[in-house]
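Before any comments, here is the structure.
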Amino acid sequence: MVNTSELPKIVTVCGPTGVGKTSFAIELAKRFSGEIVGADSMQIYRQMDIGTAKPTAAERTTVRHHMVDIVDPNEAFDAAAYGRRAHQSVQQLLEENIPAFVVGGTGLYIKALVQPLFEGRASDREVRERIQSRLKEEGAAALHANLKERDPTAAARIHPNDAYRIQRALEVIETTGRSISDLHDAHRFSKARYETLEIGLTLPREQLYARIDRRVDQMIAAGLLEEVRGLLALGFDPGLKPMQSLGYRHMVGFLQERTSWEETLRTLKRDHRRYAKRQFTWFKAVAGMNWLAPDQVETAAEMVERFFNLR
RNA sequence: GCCGAGGUAGCUCAGUCGGUAGAGCAGGGGACUGAAAAUCCCCGUGUCGGCAGUUCGAUUCUGUCCCUCGGCA
């Protein structure tokens, strides 16, 4: 058993898209004169505001936000980079004695902050491109078969259709000379950087889905289509990672006349719902999660007080 | 009121020459260690509109009632 009492304390607030994390967290952080560290894989991108439901300028004046608007859409970024940079932000807050509230819906990012990922190395472009072209030519099944020879444990864990993970496993072998399964087995998320109070926001499925539908309509009304048109005009390629995310890929599909407007809205809402469901699956598996409704700020505040031993 | 068509999974429908049923969409569950708003896996029991009759057995045939949609009055 790891003694966590020595670790610095932070509060995390997570939950599915559209549940109301932003206003909840701002209200909570305000009471403790804390600051927010975003844990959202899309809000990190500048110029992508409407589709990512980024906190407004006013909200960010009320409570200072970190890890939002930190890279351009065409810059490389990933969970490990997030873990490093978010850790720096939190360190700084701790030094200044400011309570840190890590808020967002990207489970892997929160994990990468609290329990750093295994020591690997970002795959260099050459290796990644080589594997990608092999994937294109030979297909996922062939690469899976190849992985089975080089790292049978990983091959057993990864489904033959899961092209991304097959690719990653091969990358790790080529960049580190070791198998990803060995590295994982040695790592196992055994060390934590912080002691956390984990708050998960939830709502009955029906209510959440109604909120999501409404929120998508609001994004459209706020000019999501124009935002995407602007990004394209600035030269950002539709193939860029953030351009493949919810909302952005849908607007691109419409602009390229692949889908009607009606179909675009339908799939956009549907895909948001499916995303929310996947987030639930992730967060449900987090041990020690304290589930609350988004209007239970009061309860959350009491939990935070106890957590920080403020009374 | 009469004539016609139909009432089967949340929605749109298929089907059973009588042995209690299946697709698409929607939805649900799960995985997740440097692309994670990504990627991947698994999941279809529903008074076959109600009641009665025929039958060993009816969602399937017959009768009747209810409802929906057309057309005619």
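To find a chain, count down the sequence lines: A is the first, B the second, and so on, and within it residues start at 1. The figures here come from the full heavy-atom set of this structure, side chains too, leaving out hydrogens, waters and symmetry mates.
- Exactly one of R60(A), K30(A), R64(A) qualifies for a salt bridge (Lys or Arg N to Asp or Glu O under 4.0 Å) with E35(A). That residue is R64(A).
- Here E59(A) contributes atom CD and S23(A) contributes atom OG; the two are 7.0 Å apart, rounded to the nearest 0.5 Å.
- Contact check, Y209(A) against G28(B): a side-chain N or O comes under 4.0 Å of OP1 or OP2.
- Neither OP1 nor OP2 of A36(B) sits under 4.0 Å from any side-chain N or O of T106(A).
- When the nearest nucleotides of RNA chain B are assigned to Y275(A) and R157(A) by heavy-atom distance, the more 5′-ward of the two goes with R157(A).
- Within 4.0 Å (heavy atoms only), Q132(A) reaches at least one base atom of the nucleic acid.
- Applying the 5.5 angstrom centroid cut-off and the 30 degree plane-angle cut-off, the aromatic ring of H184(A) is stacked upon the base of U33(B).
- The phosphate of C41(B) (OP1 or OP2) has a side-chain N or O of N161(A) nearer than 4.0 angstrom.
- A donor-acceptor contact under 3.5 Å is formed by the side chain of R165(A) with the base of A38(B).
- Here R278(A) does not reach the OP1 or OP2 of A31(B): none of its side-chain N or O atoms lies under 4.0 Å away.
- Residue-level contact check: G83(A) touches neither bases nor backbone, having no heavy atom under 4.0 Å from any strand.
- The side chain of R273(A) places no N or O atom within less than 4.0 Å of a non-bridging phosphate oxygen (OP1 or OP2) of A26(B).
- When both distances must be under 3.5 Å, the Watson-Crick or G-U wobble mate of A58(B) does not exist.
- A close approach under 4.0 Å does not occur between any side-chain nitrogen or oxygen of K111(A) and OP1 or OP2 of A36(B).
- Stacking of the aromatic ring of Y109(A) onto the base of A36(B) is not found under the criterion of centres within 5.5 Å and planes under 30°.
- Contact between the side-chain N/O atoms of R266(A) and the OP1/OP2 oxygens of A26(B) is found at a separation under 4.0 Å.
- Checked options Q47(A), K241(A), M243(A); the residue passing with P73(A) is Q47(A) (criterion: side-chain contact (heavy atoms from CB on, under 4.5 Å)).
- When the C1' atom is used for both A36(B) and A23(B), the distance is 33 Å, rounded to whole Å.
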